[in-house]
Amino acid sequence: MLNIRGDFPIIERLASSANGGIVYLDNAATTQKPKAVIDALNDYYLSFNANVHRGVHRLSVLATEKYEEARVVVQKFLNARESAEIIFTRGTTEAINLVAQCYGGLVVDKGDKVIVTVAEHHSNFVPWQQLCLRQRAEFAVLPVDRQGALDISLLEDELRKGSDTNAGISSGADRSSGRGAKILAIAHIHNVTGAIMPLQEIIALAHRYGAVVLVDGAQGAAHTATDLQQLDCDFYTFSGHKAYAAMGIGVLYGKRELLEAMQPYQFGGEMISEVSVERTTFNELPYKFEAGTPSVADALTLSASLRYLQKTGLDKIAAYEQQLTRYAYSELQKIEGIEFYSPPASSSIISFNIRGISHYDIGVLLDKQGIAVRTGHHCAEPLMHYFGINGTVRISFAPYNTIQEIDKFITALKKACQMLS
Ligand code: PMP
């Protein structure tokens, strides 16, 4: 076990709260925060709150230094080539929308294709669907199996096909011009199934067919070490709040040459170089995409959380989360009527239903017993339609969870099933 529970003040507080405490198993929605992150937030507002860039006074200089230092921490965490390739956003959603607007709008034309999988979160689905509708491009949606695995040969078929009818669940196609796939947008780890995508293979394949790859790392960054240079990823996005930092901060990584080619989609302070009545020139990277006052305090919490993850060791975290996940899966397997939508060795996420019982009712009865899980469609309605269900129960782990907490959850689940069947 990782000896880090004490680093998270809220975890102990939840455990000792009224009626036997609360076990938090909703970490894929958002993680709890270690003291180091809360201290970073406090420190900024207690000691050196000031707006960044342009200020000559010492507080502004200090805030700017810390803010830019946070960018370097993110760069090193992801092993990006340079910190100018790291753009701060509000989160994954904003980062993907930025790419869909500014890169998608630039390269996707009538008859081109954007590929996603049916397991994408709405944040990595709707922006591409809307882009394709706008541009009259083909929106190709690849299936996954019941455990979330992607058949790479179907991806290759889809990449290869320029003008043919495809094997996926495509819509809105105008394939007459057959110009092929311009963008593949895929999660690092899917938020319903927890299935880990073989990114190295997927990215190399997409590049072979000339497609640019955006990876939605919302469920990836805090659970597995990510080396963007090794992956040769074109765009990577993640949210701070799912990686132990505050809400309101996220990251878009993009290769310099792609970011350089893109026009900004928000205009205002910070992102300009010169403005006259007639014209405006834009600032250099990364500021071109950071219009207005940024979330400085939240960026500093991200800096603190990523340092915390590095200090703890992402490999150790991943190994421990795997241990928890395998244990929970094997205990769940013993429950009558269980239907899994995750592989046995997913990354820290298990989705399931109990035959004949509503996921919502299970969630409510678990809550009454102090177990916090998520139920519903998990912002992945296309996957729910594809599986022919309207939701699942989802448990998701963080390194502060324990085997004892899983035992509590299993006992509570059995009780809920008894009451509901
Ligand atoms: N993608 C995935 C895979 C997610 O799990 C989530 C959050 N549930 C998002 C995107 C969106 O993240 P955010 O709401 O932080 O922008």
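Atoms within each ligand, like the ligands themselves, are counted from 1 in listed order.
Ring centroid separation for the pair Tyr103 and Phe235 comes in under the 6.0 Å cut-off.
For the pair Arg146 and Tyr341, the cation-pi test (distance below 6.0 Å, angle within 45°) is failed.
Among residues two or more places apart in sequence or in another chain, the salt bridge (charged side-chain N to carboxylate O under 4.0 Å, His left out) test is passed with Glu85 by Arg81. With sequence neighbours left out, the salt bridge (charged side-chain N to carboxylate O under 4.0 Å, His left out) criterion links Glu201 to no other residue. Residues passing the salt bridge (charged side-chain N to carboxylate O under 4.0 Å, His left out) test with Asp232, sequence neighbours excluded: Lys255.
At a 4.0 Å heavy-atom cut-off, the residues surrounding ligand 1 are Thr92, Thr93, His121, Ser123, Asn191, Asp216, Ala218, Gln219, Ser239, His241, Lys242, listed by chain and number.
A side-chain donor-acceptor contact under 3.5 Å links Gln369 to the backbone of Ala412.
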